[in-house]
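Owing to the predicted nature of the structure, the values given are computational and were not obtained by experimental measurement. Below, chains carry the letters A, B, ... as their sequence lines are ordered, and counting in each starts from 1.
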There are 2 protein chains.
Amino acid sequence: MTVTLADVAARAQVSPATVSRVLNGNYPVAASTRERVLKAVDELDYVLNGPASALAAATSDLVGILVNDIADPFFGIMASAIQAEIGGPGGRAGGERLAVVCNTGGSPERELTYLTLLQRQRAAAVVLTGGAIEDAPHRVAMDAKLRKLVDAGTRVVLCGRPQAPETGAIALTFDNRGGGQELTEHLIGLGHRRLGYIAGPLERTTTRHRLEGHRDALAAHGISEDPRWTVHGRYDRRSGYEATLELLRRDPSLTAVVAANDSVALGACAALRESGLRIPDDVSVAGFDDLPFSIDVVPALTTVRLPLAEAGARAGRIAMGREEEPPGGVAGVRGELMVRGSTAGPRD
Amino acid sequence: MTVTLADVAARAQVSPATVSRVLNGNYPVAASTRERVLKAVDELDYVLNGPASALAAATSDLVGILVNDIADPFFGIMASAIQAEIGGPGGRAGGERLAVVCNTGGSPERELTYLTLLQRQRAAAVVLTGGAIEDAPHRVAMDAKLRKLVDAGTRVVLCGRPQAPETGAIALTFDNRGGGQELTEHLIGLGHRRLGYIAGPLERTTTRHRLEGHRDALAAHGISEDPRWTVHGRYDRRSGYEATLELLRRDPSLTAVVAANDSVALGACAALRESGLRIPDDVSVAGFDDLPFSIDVVPALTTVRLPLAEAGARAGRIAMGREEEPPGGVAGVRGELMVRGSTAGPRD
DNA sequence: ACGTACATAGAAAGCGCTTGCTGTCACGCT
DNA sequence: AGCGTGACAGCAAGCGCTTTCTATGTACGT
């Protein structure tokens with residue numbers, strides 16, 4: 001039924017071995033023979049059997065990319081950049097590799113299961129994006145899994161994720177803490193003293209780091225934080241909307257709201273407007289990430305730009321062994337404060 | 001080095017065949033034996049070899065999802081929904097399948113190459129999202145490829161893509177034409193007579209259909225279209241920005257701008273504002289798709305909501321054979337006009 | 001007590017490809 | 001003339017799993 005290597009070989013009057021070598025191009029084959037084989041391949045419309053090839057060669061051309069939420073541009077942008085470097089068809093890489101984007105939905109179990117699935121497929125490399133989950137047992141399990149992947153020859157790269165010591169994974173970490181600090185410092189510099197903070201889910205490292213940066217800035221300026229000023233939620237617009245209403249309820253005198261990321265900030269803006277407050281006249285709002293839409297909202301969002309595409313591209317290259325690993329297996333990626341219209345000095 | 005089925009079998013004191021059956025659970029195995037095997041699997045930390053299994057069973061658990069641009073939420077949302085239904089780990093589907101999101105970047109070649117790669121992997125199903133490319137040779141090549149995939153037992157589903165007759169693929173098509181028409185009719189109803197249109201790339205079916213809807217509406221109301229009123233560009237913000245400036249240059253008297261999609265509309269808004277025009281007081285703006293951010297821009301965008309998540313979910317279920325195929329292999333998906341603040345009657 | 005049927009387990013034959021090793025020439029060197 | 005040396009091509013042994021067919025009990029009916 002389906003055409004196999006042997007069929008091609010028969011048609012080209014050569015041995016299967018020769019056909020295989022022509023296709024893989026890693027062994028000398030006479031030009032005339034090669035041509036004959038290629039012709040047969042074409043005529044028979046032969047398509048290599050991936051699994052068989054992977055089995056025999058003990059390697060595959062799959063590269064896994066784990067993301068928390070593929071519908072979120074934060075991950076989409078990174079995934080896109082990683083994938084462009086992985087090579088996929090048309091990429092600048094040599095062989096054609098299949099980039100597999102896996103959506104964990106932020107679930108620890110799915111994260112692990114996907115890793116197992118990738119391990120099963122003998123993936124050539126795996127790139128994990130986004131913050132990690134701060135649950136000790138899960139972390140141990142993840143590290144063990146990563147270690148196993150690395151041991152099996154899979155290149156593992158963490159992009160925007162804290163380093164996983166002892167696993168052999170390469171990490172490109174985002175300076176969430178520094179960015180958060182800079183952002184809050186900007187607000188303090190404008191004169192704000194009562195700042196609300198809408199944090200992400202408690203169990204994510206990204207959440208903690210950004211929040212720590214925020215608090216560092218407050219502390220550095222001798223502002224004692226009111227516990228009512230922090231609300232936790234998800235990394236989405238909806239959450240920002242609700243959290244803002246909650247913040248306003250708790251302390252209507254806030255003059256600024258710092259959001260866990262840009263989507264959350266958008267929700268915050270909506271809530272503020274609906275509450276009759278003007279941005280930035282009455283309340284300043286700041287986001288994080290600098291996603292493409294952040295410049296389009298009105299007023300444009302002050303935020304911390306994370307070079308998602310650049311980091312993704314680099315992670316992709318490292319995963320493909322086309323770029324040297326950073327010394328020590330870790331490299332920090334800094335954010336850049338983008339001051340725009342959504343922040344200004346407080347009213348009073 | 002790596003643990004194989006045979007190792008597990010030896011440890012559990014059974015034959016490899018039995019271990020395989022325990023793992024696949026499709027053959028009676030005594031409870032006591034099963035337990036022994038499972039214990040051995042656990043102790044040895046055995047991970048099935050995907051390629052080997054796929055080779056022997058002549059099927060794989062890979063499902064491909066082709067998208068034009070993974071960084072664009074339009075595709076991200078669909079991909080996410082499809083994937084949730086495909087089952088991935090934790091999904092409601094039975095077996096664990098690996099959803100492979102492939103980013104074609106809108107390139108015809110990559111589209112084909114990815115399909116070949118998926119064919120190579122003997123993918124269980126493939127879902128293609130987004131509009132198709134209107135290039136006759138490419139279309140023929142695509143159809144042939146799809147046909148081959150279908151013949152090889154791969155389920156092929158088109159989500160938001162025109163039907164591909166004779167290929168055996170199931171299609172869920174978006175009513176871009178109807179949506180475009182409704183949108184423009186809304187504008188005409190408000191009193192607009194001079195409407196600019198920022199279209200997507202010429203060679204995409206989505207572009208043509210939306211534009212046709214727009215023109216149908218104009219024609220139905222006896223408005224003769226000025227060729228200067230249409231500009232083509234990409235489906236992104238930047239393009240919307242530039243196209244709007246161009247439109248304004250060509251005819252400053254336009255009272256409304258219809259964009260190919262929401263991202264383009266965002267760019268249009270920015271350009272208008274920078275030109276000192278107010279929305280919707282001076283110029284109305286409308287988008288298409290109703291992406292999440294569209295409600296957050298100010299003023300909120302009038303647009304046509306496409307049920308991306310629902311359509312994706314349905315496509316995913318059909319791909320998994322968990323939902324009956326629509327009669328005739330095609331089902332239309334309608335959009336819904338969302339009237340918001342960015343459109344109003346013309347100034348004069 | 002004996003045959004029959006059912007429930008399990010094993011043996012073994014591939015699945016389609018890669019690759020180490022073994023030829024076989026044709027050439028050029030001494 | 002004799003032979004080392006490349007350059008190719010083929011043989012055949014797997015890669016690790018699935019699955020058909022066969023074997024072995026065991027329980028039951030008569």
Side-chain angles (χ1 to χ4, degrees), chain A residues 1-38 40-41 44-62 95-96 117 119-124 152-153, chain B residues 1-38 40-41 44-62 95-96 117 119-124 152-153:
Chain A
M1 180 60 226
T2 58
V3 184
T4 71
L5 240 209
D7 299 328
V8 176
R11 173 139 198 157
Q13 316 227 53
V14 296
S15 73
T18 302
V19 177
S20 170
R21 300 204 257 244
V22 168
L23 263 26
N24 292 299
N26 48 16
Y27 190 89
V29 174
S32 63
T33 312
R34 177 199 321 284
E35 230 167 85
R36 208 144 28 93
V37 170
L38 256 19
V41 165
L44 294 178
D45 214 5
Y46 170 69
V47 175
L48 187 73
N49 182 315
S53 157
L55 172 57
T59 58
S60 96
D61 46 11
L62 246 56
E96 276 163 2
L117 242 34
Q119 185 181 9
R120 233 180 231 188
Q121 300 298 332
R122 307 299 189 248
Chain B
M1 178 60 224
T2 57
V3 184
T4 72
L5 240 209
D7 298 330
V8 176
R11 172 137 199 160
Q13 315 227 52
V14 296
S15 72
T18 301
V19 177
S20 170
R21 301 204 258 246
V22 167
L23 262 25
N24 291 299
N26 49 16
Y27 190 89
V29 173
S32 64
T33 312
R34 177 198 322 285
E35 230 167 85
R36 208 146 28 94
V37 170
L38 258 19
V41 165
L44 294 178
D45 214 4
Y46 170 68
V47 175
L48 187 71
N49 182 316
S53 157
L55 172 58
T59 58
S60 95
D61 47 10
L62 245 57
E96 276 163 2
L117 243 33
Q119 185 182 8
R120 231 179 233 189
Q121 300 299 330
R122 305 300 188 250

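Contact check, A:Ser15 against D:dC11: no side-chain N or O comes under 4.0 Å of OP1 or OP2. Residue A:Asn49 places none of its side-chain N or O atoms closer than 4.0 Å to OP1 or OP2 of C:dC15. For A:Ser53, a side-chain nitrogen or oxygen approaches OP1 or OP2 of C:dT18 to under 4.0 Å. Contact annotation: B:Thr18 reaches the phosphate of C:dG10 (side-chain N/O to OP1 or OP2, under 4.0 Å).
In the set D:dG16, C:dT19, C:dA11, C:dA11 carries the atom at the smallest distance from any side-chain atom of B:Ala17. Of all nucleotides listed (C:dG14, D:dT19, C:dT18), D:dT19 comes nearest to the side chain of B:Ala57. Closest approach to the B:Thr2 side chain among D:dG10, C:dG16, D:dG16 is made by D:dG16 (side chain taken as heavy atoms from C-beta onward).
Following rounding to the nearest Å, B:Leu55 (CG) and C:dG14 (P) show an atom-to-atom distance of 14 Å. If you measure from atom CG of B:Leu5 to atom C1' of D:dT18, you get 9 Å, rounded to the nearest angstrom. The interatomic distance linking B:Arg21 (CZ) with C:dT8 (C1') rounds to 8 Å, in whole Å. Taking atom CG on B:Asn24 and atom P on D:dG16, their separation rounds to 17 Å, with Å as the unit.
Among the candidates A:Val22, A:Leu23, A:Leu48, the single residue satisfying the side-chain contact (heavy atoms from CB on, under 4.5 Å) test with A:Val41 is A:Leu23.
Evaluation of the side chain to side chain donor-acceptor pair (under 3.5 Å) rule for A:Ser53 yields no partner, not counting sequence neighbours.
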Would A:Val8 and A:Thr4 count as a side chain to side chain contact (heavy atoms under 4.5 Å, CB included) if you check the C-alpha gap in whole Å, the side-chain angles of each, and the deciding distance to 0.1 Å?
CA-CA 7 Å; A:Val8 176; A:Thr4 71; over 6 Å; no

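The shortest heavy-atom contact between A:Leu44 and A:Val3 is O-CG2, 3.6 Å. When all heavy atoms of A:Val19 and A:Ala9 are compared, the pair lying nearest together is CG2-CA, 3.6 Å.
In this structure, the side chains of B:Arg122 and A:Asn49 come closer than 4.5 Å at one or more pairs of heavy atoms.
Using a 4.0 Å cut-off on heavy atoms, the residues of residues 25-36 of chain A that approach DNA chain C are A:Tyr27, listed by number.
Side chain of A:Ser60 to backbone of A:Ala54: no donor-acceptor contact under 3.5 angstrom is found.
Side chain B:Arg122 to base C:dG16: no donor-acceptor pair is found below 3.5 Å.
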